[in-house]
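Predicted model, so just to flag it, every value in this text is computed and none were measured.
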Amino acid sequence: MNPLLEAEQAVLGAVLLDPGQLSHLEWLAPDHFYRPVHQALFAALRKLRGDGHPAVEGEGPVPLSWVTDAVAEAGLHARGLTASYAHLLVSTCPRPAHAPVYGRMVLEGAIHRTVAQHAIRLHQEARAGAVRGEVEGALHHADVLTGVLTDLARRWGTEPRPVAPATSQAPDPPALPSAQADQVAEDEEFLLSVLVERPGAMGEVVDWLRPGDFADPVHGQLYRCLGALHHRGEPIDRITLLWEAQRRGLLADGMLSEDRFAAICDGVGAGDAEWLGKQVMRSSLTRTAAASARAVRALAEDEVLAPGRLINHALHALGPLDEVRARWQTATGRPASRAPTTAASAGGPPAARVHAALARSTPRPAPSPPSRLGPKPTPTAARPPSRNHS
């Protein structure tokens with residue numbers, strides 16, 4: 001049993017039975033359908049309507065040419081489509097007048113697929129950027145995903161706003177390749193050595209580097225200790241750092257061993273703290289982008305989530321990336337970029353389309369048995385959208 005497949009078939013069957021239903025489906029596009037043959041058939045039906053097919057404006061029973069012409073047109077773009085399948089679609093449609101509701105189901109499935117596809121692209125680009133040592137690709141795809149979510153929200157008839165799920169679980173950080181993980185750990189240790197050895201080095205990074213930017217939790221906790229000493233105006237050296245680490249419990253729970261502490265504090269200690277801090281933050285940004293992408297994909301693959309909640313939860317999942325990104329822009333002195341805006345996201349679709357997309361069916365008497373392809377039902381207006389759709 002596949003509800004989405006049945007909804008796609010029902011939409012097409014409704015339009016084959018009643019071409020007038022296309023006027024209630026202006027907001028539905030061929031690429032909203034999952035199956036290529038359904039995409040081709042819906043595009044063909046729209047083309048026939050645009051070309052002024054006699055069945056669209058004709059009175060009485062729908063002529064058989066409406067089906068045969070649609071199959072012939074769609075067959076130019078999709079292989080394997082037959083007239084028998086078109087008649088199967090007709091037989092699987094419960095009520096042609098419910099076409100806007102079936103279309104809304106198709107749109108809902110398209111929203112889930114679209115969000116998942118863009119989340120996958122963001123994840124792939126974040127992982128590739130981590131290997132290449134650059135963040136521009138991940139930031140670009142994060143902008144694209146944000147723009148897509150905003151556009152989909154307005155198409156669905158809601159305002160995009162980040163909303164945390166009722167029960168949220170932070171995704172596990174993606175594992176780094178061993179060579180890359182070693183390089184990240186080396187950069188972090190080198191930075192800590194510089195911060196311990198050079199007085200005033202904390203002032204170069206403290207405004208934008210955070211403990212959570214360190215891949216190794218121990219390194220993050222040591223940086224937190226250094227930040228506390230700097231904030232209190234106390235001197236920083238290996239002894240004061242060790243004392244602060246003890247006060248914060250790093251020695252009692254065995255998190256920080258003597259060998260690890262010695263390896264950090266006995267390092268070279270000569271280097272550019274700002275440059276090393278940016279290396280750490282670059283790694284943090286790509287890790288955060290990958291984690292956010294995984295969280296968004298998990299939401300998109302949850303069939304229980306209604307589109308409104310999916311979009312808002314996905315925007316919330318991108319929040320940590322936005323926070324790291326803002327600090328990265330502070331560190332690099334770059335102005336904040338804006339998510340790409342499409343024409344649809346700028347003004348949203350016409351209100352009539354939103355109403356149609358959110359239409360709910362109303363009880364109607366069962367239609368009389370069809371003659372040939374059935375009498376043409378009287379088009380019914382879509383009800384105003386319910387505000388509790390998400």
Side-chain angles (χ1 to χ4, degrees), residues 2-16 19 21-51 70-81 85-86 89 92-93 99-122 124 141 143-158 160 296-297 299-301 303 305-308 310-311 314 339-350 352-359:
N2 188 331
L4 179 58
L5 173 60
E6 294 189 14
E8 291 190 2
Q9 293 176 330
V11 171
L12 296 170
V15 177
L16 289 170
Q21 291 299 327
L22 281 172
S23 63
H24 302 304
L25 298 170
E26 298 287 353
W27 40 269
L28 193 64
D31 58 4
H32 290 152
F33 290 80
Y34 177 69
R35 286 197 168 184
V37 67
H38 293 168
Q39 296 177 6
L41 186 54
F42 190 71
L45 291 167
R46 291 179 58 172
K47 182 178 185 299
L48 292 180
R49 180 196 178 207
D51 292 343
V71 171
E73 174 65 28
L76 300 176
H77 308 281
R79 301 174 61 181
L81 179 60
Y85 184 68
L89 296 176
T92 58
C93 176
V101 184
Y102 305 146
R104 180 175 54 83
M105 298 173 186
V106 173
L107 177 60
E108 181 172 336
I111 289 175
H112 277 260
R113 289 196 307 276
T114 301
V115 174
Q117 289 166 359
H118 283 280
I120 291 172
R121 292 172 188 166
L122 173 57
Q124 292 172 340
H141 283 279
D143 281 343
V144 171
L145 177 54
T146 301
V148 166
L149 291 170
T150 301
D151 178 57
L152 291 175
R154 289 173 177 163
R155 286 183 180 275
W156 189 249
T158 64
V296 172
R297 181 180 180 182
L299 290 168
E301 292 175 348
E303 297 178 349
L305 279 181
L310 163 61
I311 292 166
T341 303
T342 62
S345 64
R353 297 188 185 184
V354 175
H355 281 250
L358 304 177

In Å, rounded to the nearest 0.5 Å, how long is the span from OG1 of T150 to CG of L145?
9.0 Å
For the atom pair CD (E108) and CH2 (W156), what is the distance rounded to the nearest 0.5 Å?
5.0 Å
Can you tell if the side chain of R113 reaches within under 4.5 Å of the side chain of L4, non-hydrogen atoms only?
yes
Out of curiosity, I311 CD1 to L152 CG, how far, rounded to the nearest 0.5 Å?
5.0 Å
Euclidean distance, H24 NE2 relative to L22 CG, rounded to 0.5 Å:
10.0 Å
Kindly compute the distance separating CD (Q9) from CG (L41), expressed to the nearest 0.5 Å.
11.0 Å
Can you check whether A29's main-chain N or O pairs, donor with acceptor, with H32's side chain at less than 3.5 Å?
yes
Side chains of H118 and L149: closer than 4.5 Å at any heavy-atom pair?
no
Heavy atoms only: give me the nearest A44-A74 pair and the separation to one decimal.
CB-N, 3.7 Å
Indicate yes or no: does E26 engage R49 in a salt bridge with an N to O separation below 4.0 Å.
yes
Euclidean distance, R297 CZ relative to Q117 CD, rounded to 0.5 Å:
10.5 Å
Are any side-chain N or O atoms of T92 and backbone N or O atoms of A10, one a donor and one an acceptor, separated by less than 3.5 Å?
no
Checking the side chain of E301 only, and the main-chain atoms of A116 only, is there a donor and an acceptor separated by less than 3.5 Å?
no
When you look at L299 and V115, which way does the side-chain contact (heavy atoms from CB on, under 4.5 Å) test go after all the steps?
CA-CA 9 Å; L299 290 168; V115 174; over 6 Å; no
Verify, without hydrogens or angle tests, whether H77 (side chain) and Q39 (backbone) share a donor-acceptor contact under 3.5 angstrom.
no
Could you tell me whether the side chain of L45 reaches within less than 4.5 Å of the side chain of L12, counting heavy atoms only?
yes
Who passes salt bridge (charged side-chain N to carboxylate O under 4.0 Å, His left out) against E303, sequence neighbours left out?
none
Measure up the F33 and H38 rings against each other and bin them: parallel (under 30°), tilted (30 to 60°), perpendicular (over 60°).
perpendicular
